[in-house]
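Report on the structure given below.
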Amino acid sequence: MEIQNQIANWISQNKNIEKVEHSVNFFDSGYLDSFDMILLIEFCEERFSISFQEFHFEDRRFPSVDGLTTIILEIQAENP
């Protein structure tokens with residue numbers, strides 16, 4: 001999936017991680033810290049022309065590539 005790959009590539013390039021697992025938690029895996037997450041949010045909002053709302057950040061799916069991708073697709077579907 002294109003969105004998944006772009007998110008994983010961003011993490012890989014910005015954090016120098018060779019292989020980013022799509023289903024693991026960003027924080028538990030050590031992929032990202034809170035500042036990195038802010039940068040990833042900015043990347044996603046600009047790249048995919050979306051705006052996250054506060055409730056998205058509380059979604060249990062949010063801190064993984066797969067979960068974040070699903071949320072982005074839902075936002076895009078709500079705002080075609």
Heavy-atom closest pair, residues [X] and [Y]:
| X | Y | value |
| --- | --- | --- |
| I17 | S12 | O-OG, 2.5 Å |
| N25 | D28 | OD1-N, 3.0 Å |
| H22 | S64 | O-CB, 3.8 Å |
| I50 | C44 | CG1-O, 3.8 Å |

In Å and rounded to the nearest 0.5 Å, what is the [atom1] to [atom2] distance from [X] to [Y]?
| X | Y | atom1 | atom2 | answer |
| --- | --- | --- | --- | --- |
| K19 | E21 | NZ | CD | 4.5 Å |
| R61 | S23 | CZ | OG | 15.0 Å |
| F62 | L68 | CZ | CG | 5.0 Å |
| T69 | Q6 | OG1 | CD | 9.5 Å |
| E2 | N5 | CD | CG | 6.5 Å |
| I72 | E45 | CD1 | CD | 9.5 Å |

Checklist entry - Under 4.5 Å between any side-chain heavy atoms of L73 and I3, yes or no? => result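 Yes, their side chains come closer than 4.5 Å.
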
Next on the checklist: Just to verify, what does Q76 make a side chain to side chain donor-acceptor pair (under 3.5 Å) with, not counting sequence neighbours?
Outcome noted: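 If we apply the side chain to side chain donor-acceptor pair (under 3.5 Å) test to Q76, skipping adjacent residues, there are no hits.
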
Checklist entry - When the ring planes of F52 and F57 are compared, do they come out parallel, tilted or perpendicular, using 30° and 60° as the limits? => result tilted

Item to check | Working for side-chain contact (heavy atoms from CB on, under 4.5 Å), residues N14 and L39 | outcome: CA-CA 10 Å; N14 286 282; L39 297 175; over 6 Å; no

Checklist entry - Would you find more than 12 non-hydrogen atoms of other residues, nucleotides or ligands less than 6.0 Å from F35 atom CZ? => result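 It does not: F35 CZ has 12 such atoms or fewer within range.
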
Checklist entry - Of the options N16, V65, D36, which is the one that meets I11 in a side-chain contact (heavy atoms from CB on, under 4.5 Å)? => result V65

Item to check | Contacts of type ring-ring contact (aromatic ring centres under 6.0 Å, His included), residue F48, not counting sequence neighbours | outcome: none

Next on the checklist: Taking the basic N atoms (NZ, or NE/NH1/NH2) and the acidic carboxylate oxygens, is any pair closer than 4.0 Å for E42 and R47?
Outcome noted: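 No, this pair does not count.
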
Checklist entry - Can you check side-chain contact (heavy atoms from CB on, under 4.5 Å) on F27 and D33, steps first, answer last? => result CA-CA 6 Å; F27 303 111; D33 60 24; 5.7 Å; no

Checklist entry - Do side-chain atoms of Y31 reach the backbone of K15 as a donor and acceptor pair under 3.5 angstrom? => result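 Flag not set: sc Y31 to bb K15 has no pair under 3.5 Å.
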
Checklist entry - Among N9, T70, D66, which one satisfies side chain to side chain donor-acceptor pair (under 3.5 Å) with Q4? => result D66

Checklist entry - Going only through I, L, V, M, F, W and Y residues with side-chain contacts under 4.5 Å, is there a path from F43 to I38? => result no

